[in-house]
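The figures that follow rest on heavy atoms only: side chains count, while hydrogens, waters and symmetry mates do not.
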Amino acid sequence: MATAHATPTRAVPVPTRDGGVRVIGRANRYRRSRRSELVIWWREIDRVLLGLVLLLVTIGAVAVAAASPASAHRLSTQQKSLGDLYFFWLHLRWLSLGLLTMFAASVLPKETARRVAIILAAAMIMGLVLVPLVGTEVKGARRWLNLGISLQPSEFLKPGFAVALAWILSWRARDPNIPVIGISMALMGLVAVLLMAQPDFGSTVLFMAVWFVLVLLAGLPVRHIVGAIGLIVVGVIAAYLFYPNATHRIDAFLSGGSEFDQVDLAMRTLLNGGWGGTGLWLGTRKMALPEAHTDYIFSVIGEEFGLIMCGVIVLIYCAIVMRVLLRLLDEDDLFTVLAASGLTAQLAGQAFINILVNLQLFPSKGMTLPLISYGGSSTIALLLGVGFLLAITRRNPYLSRDTLDPKDRPQNMTAQL
């Protein structure tokens with residue numbers, strides 16, 4: 001009768017520091033490998049940038065808790081009454097999923113992150129094509145796909161678009177004859193048409209701003225810069241003349257109206273707390289503020305936590321931009337410079353558009369405050385973009401680089417093209 005023997009565990013010799021050899025099992029080797037990968041990730045990640053992002057996310061969670069009662073009361077009906085912290089608990093769920101997505105994206109190698117972002121951009125463009133056909137309409141706009149959960153393709157397109165556009169513009173570093181500017185303009189035109197069909201004028205403006213920043217960094221000649229600015233001006237005028245959504249928003253901003261009344265109410269709410277604020281849950285004007293937990297959360301922060309906290313938030317956004325720029329000063333890879341700049345421009349551009357709307361300095365756009373406002377698709381997509389940014393800017397701290405004078409950076413980048 002044969003005797004059963006257990007399958008031996010494969011052993012792997014591992015050299016030690018003193019010159020000897022230690023044998024470890026396969027399972028231990030895998031655990032050691034995973035631990036080593038996390039150690040490498042922690043060393044290569046921009047921990048300052050990660051800390052700034054987590055600080056904004058924490059402020060955002062508190063701000064949603066402050067704004068949740070106002071939105072819950074406005075949306076409650078006789079059939080269904082929403083609790084004061086209804087949107088806060090929902091926000092924590094979406095935020096948890098978004099943070100997991102961010103960390104998962106940040107551990108990807110740069111090349112893998114680039115591929116994932118490009119595939120995401122292609123998939124979301126297909127989603128935008130489907131939105132006018134089978135999308136769900138909310139408040140007069142058809143921007144969502146119902147796939148078991150509500151998905152807004154334009155939000156997930158934002159990080160994918162910035163990376164894909166950077167990838168296209170970086171082709172010219174290998175072959176100067178490739179018409180990368182024309183290809184990028186065609187991509188921008190396609191996205192603009194699909195967004196305006198929803199309609200989503202605010203997101204169109206943001207995508208065009210990201211495109212303009214990247215083509216400038218890619219070394220667009222001066223005559224083309226003038227032409228691009230002219231096209232943007234013509235596009236805005238055409239939108240005003242022939243696009244009812246843009247006409248309504250611009251007229252409302254300039255001459256008053258329902259949208260302007262909302263912005264005026266947001267401004268009054270923002271100033272109601274003075275420098276120090278009324279205190280958490282002690283604000284009164286927020287109760288009449290529409291979309292307090294999303295579009296106008298900056299005004300709620302001003303009322304309950306004061307103008308000083310609003311200034312701190314602006315400084316944190318500026319610190320994120322400056323941190324990325326400092327990280328890129330000695331970067332010699334064109335794709336890395338363009339992709340990181342595009343993702344940062346998208347994040348900062350959306351933030352400052354939202355803040356300007358709350359300050360009554362910009363027409364209402366229906367755009368959230370990144371990493372602070374409540375959101376489902378928006379929160380996950382923004383944190384995914386941060387994950388891509390962290391992955392793309394990862395750097396081995398033990399590799400030496402020759403630091404370039406910032407004044408020489410544009411010439412060096414142009415020379416690569």
To the nearest 0.5 Å, what is the distance between CH2 (Trp211) and CE (Met208)?
7.0 Å
Atom CZ of Arg323 with >12 non-hydrogen neighbours under 6.0 angstrom:
yes
Measure across Pro159 and Gly385 and return the closest heavy-atom pair with its distance rounded to 0.1 Å.
CB-CA, 3.6 Å
Main-chain N/O of Gln152 paired with Ser377 side-chain donor or acceptor, under 3.5 Å
yes
Measuring from Leu389:CG to Arg394:CZ, what's the distance to the nearest 0.5 Å?
13.0 Å
Test your reading of the model: is there a side-chain donor-acceptor pair from Gln346 to the backbone of Leu206, 3.5 Å cut-off?
no
Please determine whether side-chain contact (heavy atoms from CB on, under 4.5 Å) holds for the pair His73 and Asp84, giving the CA-CA distance in whole Å, both sets of side-chain angles, and the decisive distance to 0.1 Å.
CA-CA 7 Å; His73 289 179; Asp84 284 349; 2.7 Å; yes
Can any side-chain N or O of Asp200 pair as donor or acceptor with the backbone N or O of Leu195 at less than 3.5 Å?
no
Indicate yes or no for a side-chain donor-acceptor contact from Ser68 to the backbone of Ala65 under 3.5 Å, with no hydrogens or angles considered.
no
Do the side chain of Tyr317 and the main chain of Pro370 share a donor and acceptor less than 3.5 angstrom apart?
yes
Using side-chain heavy atoms (C-beta onward) and a distance below 4.5 Å, is Cys310 in contact with Ile355?
no
Are Leu128 and Ser154 close enough that some pair of their side-chain heavy atoms sits under 4.5 Å apart?
yes
So does Asp295 get a backbone contact from the side chain of Thr368, meaning a donor-acceptor N/O pair under 3.5 Å?
no
Taking the side chain as C-beta and beyond, is there a heavy-atom pair between Ile316 and Ile59 under 4.5 Å?
yes
Compare every heavy atom of Gly375 with every heavy atom of Thr379, then report the nearest pair and how far apart it is.
OG1-O, 2.8 Å
Between Lys286 (side chain) and Ala66 (backbone), is there a donor-acceptor pair under 3.5 Å?
yes
Report the distance from atom CD1 of Ile297 to atom CG of Leu289, rounding to the nearest 0.5 Å.
10.5 Å
Nearest 0.5 Å please: distance from the CG atom of Leu347 over to the CD atom of Gln350.
7.5 Å
With no hydrogens and no angle check, do the side chains of Ser373 and Thr294 hold a donor and an acceptor under 3.5 Å apart?
no
Are any non-hydrogen side-chain atoms of Val210 and Leu343 less than 4.5 angstrom apart?
no
Test item: Ser170 side-chain N/O and Phe335 main-chain N/O as donor-acceptor pair under 3.5 Å
no
Any salt bridge linking Glu331 with Arg395? Criterion: basic side-chain nitrogen under 4.0 Å from a carboxylate oxygen.
yes
Minimum heavy-atom distance Lys158-Phe207, with the two atoms named:
CG-CZ, 3.6 Å
Where do Ile392 and Val163 land on the side-chain contact (heavy atoms from CB on, under 4.5 Å) test, with the steps shown first?
CA-CA 10 Å; Ile392 289 170; Val163 177; 4.2 Å; yes
What verdict does the side-chain contact (heavy atoms from CB on, under 4.5 Å) test give for Phe352 and Cys318, after you've listed the backbone C-alpha separation in whole Å, the side-chain angles of each residue and the deciding distance to 0.1 Å?
CA-CA 10 Å; Phe352 287 107; Cys318 292; 4.0 Å; yes
Glu303 side chain vs Thr269 backbone, donor-acceptor pair below 3.5 Å
no
For the student: nearest non-hydrogen atoms of Leu328 and Ser341, plus distance
CD1-OG, 3.6 Å
Between Ser299 and Ala266 the two heavy atoms that sit nearest each other are OG-O, 2.8 Å
Between Phe298 and Ile372, is any pair of side-chain heavy atoms under 4.5 Å apart?
no
Nearest 0.5 Å, what's the CG-CH2 distance between Leu334 and Trp167?
14.0 Å
Please tabulate, for side-chain N and O atoms in residues 85-104, each donor-acceptor pair with protein atoms closer than 3.5 Å (sequence neighbours left out).
unit_1: Ser96; atom_1: OG; unit_2: Leu92; atom_2: O; d: 2.8
unit_1: Thr101; atom_1: OG1; unit_2: Leu97; atom_2: O; d: 2.8

Do Val131 and Gln198 have side chains that get closer than 4.5 Å, going by heavy atoms?
yes
Which donor-acceptor pairs under 3.5 Å do the side chains of residues 110-126 make with protein atoms, sequence neighbours left out?
unit_1: Lys110; atom_1: NZ; unit_2: Thr336; atom_2: OG1; d: 2.6
unit_1: Glu111; atom_1: OE1; unit_2: Arg114; atom_2: NH1; d: 3.0
unit_1: Glu111; atom_1: OE1; unit_2: Arg114; atom_2: NH2; d: 3.2

Test side-chain contact (heavy atoms from CB on, under 4.5 Å) on Leu56 and Ile320; report intermediate values, then the result.
CA-CA 10 Å; Leu56 268 185; Ile320 289 175; 3.7 Å; yes
Nearest non-hydrogen partners of Val180 and Arg172, listed with the distance
CG2-CD, 3.7 Å
Side-chain contact test, heavy atoms from C-beta onward, threshold under 4.5 Å: evaluate it for Val300 versus Tyr296 and give yes or no.
no
Is there side-chain contact between Leu187 and Phe161, with heavy atoms separated by less than 4.5 Å?
yes
Looking only at the side chains, is there a donor atom on one of Asp46 and Thr393 sitting less than 3.5 Å from an acceptor on the other?
no
Any chance you could measure Leu338, atom CG, to Leu169, atom CG, to the nearest 0.5 Å?
6.0 Å
